[in-house]
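Here is the structure we will look at.
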Amino acid sequence: MVKITLPDGSVKEFQGPVTALEVAESIGSRLAKAAVGAKVDGALSDLSTRIEHDAAVAIVTEKTRDGEADPDALYLCRHSAAHVMAEAIQRIVPGAQLVYGPPLENGFYYDIAFPEDRPLREGDFEAIEAEMTAIVKEDRAFTRYEMPAGEGMAKLESEGSKYKLDNAQRAIDAGSDELSWYATGEPGTDWEDLCRGPHVPSTGRIGAIKVMSLASSYWHGDENSDRLTRVYGTAFFNKKDLDAHLHALEEAKKRDHRVLGKQLDLFHIDDEVGQGLILWTPRGSIIRKELQDWIGGELRKMGYTDVFCPHIGKLGLYKTSGHFPYYQDSQFVPVMERQFIEQVSEEGCSCGDLSNMMRAGDIDGYLLKPMNCPHHIKIYASRPRSYRDLPIRLSEFGTVYRWEQSGELNGLTRVRCFTVDDAHLFCREDQVADEVMGCLSLVKIALDTLGLTDFRVRVGLRDPDSSKYVGDPAVWDRAEQACRDAAASLGGKVTEEPGEAAFYGPKIDFVVKDVIGREWQLGTVQVDYNLPERFGLEYVGSDNKTHRPVMIHRAPFGSMERFVGVLIEHFAGAFPLWLAPEQVRVLPVSEKSNDYAQALCDKLVARGVRATVDLHNDRVQAKIKHAAGMKIPYSAIVGPRDEEAGEVNVRAFGIKDALGSMPVDDFVDAIADEIACKGSERLTERFETAGV
RNA sequence: GCCGCUGUAGCUCAGUGGUAGAGCGCACCCUUGGUAAGGGUGAGGUCGCGGGUUCAAAUCCCGCCAGCGGCUCCA
């Protein structure tokens, strides 16, 4: 007797072992037809899985009860689609060796080792999709069979795929005593793959399938290991959902900060200047400067003091800090003194020798600073400090340079020169908790004001297996605990990630996603017991003895470049009034109103508003379209009627109809007010409340 | 750095070996028009860069540079 508990709590009894499909059939034939898998005691399973003992069973169908696509069903669909794609690819490219093909949030991929003389190209996609469609049409059942570990390994051995052997070995090492295969059809005759499952019942259940892109990857993610080709695809139960997904991708592209950066003239990257080096155009500079001025004002209120430092420092500084030579690969090559180069050259030093000296750190010169902390530390250390002076909070919009790999560079979000809204706090150990909390609240204020509420907090801990970290493990433990406690006190989504720490200490990061789902680290707070040690920092305590201060690194935005990039996408380019590069555009209805329009614009500018007049010889319809294209928050339309009444007709971006008319002075006041309060009171609301 | 794709006017893109194209933008002219594109004329291009094949290359081949998607990396 097997007792099956269904999601609604009801219990069904069966004489003996039963499959999930039979359970579904016992409930209703329509459910059985719609079923693509099952959850047995919470574990996603094949519909054909035999349930031997009492269990809680939920039948997985394409859609949940409220009509939404079921994520478990999509998982099955995509995992199965990966098999179909692999079979199609192996038909087209004989000798392609399968490695690993998991489902993803929006699709799936399969890592495949292609023969050297037959790489996969995008031109193959059409043929692959045609094969896949054919396989789907054949509606072959996914058939699972199992073998004991030893027998299974022997089978793989004879087939000769080192990748599948490796997968199997890993499964065995993880405790499996048997291996499972899925044949797409009949075991022994049809295509099959070593796979843990589960799958949809048959290929026909995969409704719509598309090969998306190619990338290279490394076996086990190890760059010294085999290079594989990763083929990305996606699948849905029907074409409509696939089309909706593709459409959403197109829409996301439109709010990509690189696209909007061009369209709205916010920044420029120029080959002749260099990759990953951002040129801020006047419009983009306004956004950055507004953010800097705003956060700078908050810092002054919180007891920070500004400092300024050069962009370079002697190598010795970075040897002390630990940045050089350990992180050479991500630094620009040092700027060496002419005299030094000439001297080693005279001594017969070759380029290779010089390179080796550099690697060993056995050279002199200057480094473009990869971080601001060493300079700030030297300001702290420039005079004796008393415990009464602490905490000392030194802030600077400090520009740093990092040699990112060329394939990593990405618009504003990954660059080689960026400005950190940086500060370093030097405090007593007993002040650390308060200071960390102060930093976190600042990050919260910043993100809340901008409406960036969809972030996760990541506590970056050290990777116990890595040797890249400096400092005493006991000190690390203390700092990690301080970060955990502080992050927990925020009350939001917190994840702990070993290996994400800075080399000098653990950190708390605020991580957001961009329009295509990639995560970027923005604000960060890092507790550091190590650099004060390395630089021998001190203060005199109330006991008249010297003590070591603790340092906190923090940047609420992270990098101005990345932050603005994320903000562009967050607002889809339609910035709130206080940040908008062009806040008001005055649109005269015809040339007859140009003077009146100009006078209005002058009034706005005199109040500090970023306003312009559109004096083009266009009809007002076209001027409205152009203003909308630049996502200007407010348009002020003026014609003879307005001039006579001393009024202005107001339009707001994103609102189809005009808001209405108001006296010129009221409009100027309203705009100035909305800017001053950073949008917490909006001009549009006045019209709504007035019922216009 | 690795694999694939892409690179043509300021922008978005068409152009498969035979005289360099369109729309938008820009300039000028007509129009003086009241809420998401009035009409006309014109300027603007070493077709990413360098080699090669060819009578002839934007187009085919090789190398490089840059961008995009991933991988790896990310103090």
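Residue numbers begin at 1 in each chain, while the letters A, B, ... track the order of the sequences.
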[Y] six-ring face occupied by [X] cation (under 6.0 Å, within 45°):
X: A/Arg478; Y: A/Tyr529; value: yes
X: A/Arg416; Y: A/Trp403; value: yes
X: A/Arg230; Y: A/Tyr109; value: yes

What I want to check is whether an N or O donor and acceptor connect the side chain of [X] with the base of [N] at under 3.5 Å.
X: A/Asn649; N: B/U35; value: yes
X: A/Asp642; N: B/G34; value: yes
X: A/Ser213; N: B/G70; value: no
X: A/Arg414; N: B/C73; value: yes
X: A/Tyr218; N: B/G1; value: yes
X: A/Ser216; N: B/C2; value: yes

To the nearest Å, give me how far apart [atom1] ([X]) and [atom2] ([N]) are.
X: A/Asp657; N: B/A36; atom1: CG; atom2: P; answer: 9 Å
X: A/Ile624; N: B/G33; atom1: CD1; atom2: C1'; answer: 12 Å
X: A/Glu591; N: B/C28; atom1: CD; atom2: C1'; answer: 13 Å

Rounded to whole angstrom, note down the [atom1] distance from [N] over to [M].
N: B/C11; M: B/G69; atom1: C1'; answer: 23 Å
N: B/A20; M: B/A9; atom1: C1'; answer: 10 Å
N: B/A57; M: B/G42; atom1: P; answer: 30 Å
N: B/G50; M: B/A58; atom1: P; answer: 12 Å
N: B/U41; M: B/G1; atom1: P; answer: 49 Å
N: B/G10; M: B/U46; atom1: P; answer: 8 Å

Quiz item: How about A/Val550 and A/Asp528: do any of their side-chain heavy atoms sit closer than 4.5 Å?
Solution: no
Quiz item: Tell me, do A/Val457 and A/Ile508 make a side-chain contact under 4.5 Å, heavy atoms counted?
Solution: yes
Quiz item: Can A/Asp111 and A/Tyr163 be counted as having a side-chain donor-acceptor contact under 3.5 angstrom?
Solution: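 Side-chain D/A pair, A/Asp111 to A/Tyr163: absent.
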Quiz prompt | A/Glu396 and A/His376: side chain donor to acceptor below 3.5 Å | solution =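 Per modelled atom types, A/Glu396 and A/His376 side chains form a pair under 3.5 Å.
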Looking for any heavy atom pair under 4.0 Å, which part of the strands does [X] touch: base, sugar-phosphate only, or nothing?
X: A/Gly407; value: base
X: A/Leu587; value: nothing
X: A/Gly123; value: nothing
X: A/Glu272; value: nothing
X: A/Arg230; value: sugar-phosphate
X: A/Ala622; value: sugar-phosphate
X: A/Ala502; value: sugar-phosphate

Within the structure, does a side-chain N or O atom of [X] lie under 4.0 Å from either OP1 or OP2 of [N]?
X: A/His616; N: B/G25; value: no
X: A/Arg258; N: B/G69; value: yes
X: A/Lys262; N: B/U12; value: yes
X: A/His626; N: B/C24; value: no
X: A/Arg518; N: B/G69; value: yes

Which one, [options], comes nearest to the side chain of [X]?
X: A/Ala658; options: B/G33, B/U35, B/A27; answer: B/U35
X: A/Ile637; options: B/A36, B/C71, B/G34; answer: B/G34
X: A/Pro640; options: B/A27, B/G33, B/G34; answer: B/G34
X: A/Gln275; options: B/A37, B/G67, B/A36; answer: B/G67
X: A/Pro119; options: B/G69, B/G4, B/G34; answer: B/G4
X: A/Lys625; options: B/A36, B/G1, B/C3; answer: B/A36
X: A/Tyr232; options: B/A37, B/C71, B/G1; answer: B/C71
X: A/Val620; options: B/U32, B/G25, B/U35; answer: B/U35
X: A/Asp271; options: B/A36, B/G25, B/A66; answer: B/A66
X: A/Arg619; options: B/U35, B/U32, B/G38; answer: B/G38

Counting only Watson-Crick or G-U wobble pairs whose two distances fall under 3.5 Å, which nucleotide matches [N]?
N: B/G23; result: B/C11
N: B/C28; result: B/G40
N: B/G33; result: none
N: B/G67; result: B/C5
N: B/U53; result: none
N: B/A58; result: none

Practice problem: Could you tell me the separation between the CG atom of A/Asn410 and the CZ atom of A/Arg562, rounded to the nearest 0.5 Å? | Solution: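 The distance works out to 9.0 Å.
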Self-check item: Of A/Gly276 and A/Arg227, the one whose closest RNA chain B nucleotide lies more 5'
Solution: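 With A/Gly276 and A/Arg227 compared, the 5'-side residue is A/Arg227.
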Exercise. Report the residue (A/Ser217 or A/Asn617) whose heavy-atom-nearest nucleotide on RNA chain B is the more 5′ of the two.
Key: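 Mapping each residue to its closest nucleotide by heavy atoms, the 5'-most match is A/Asn617.
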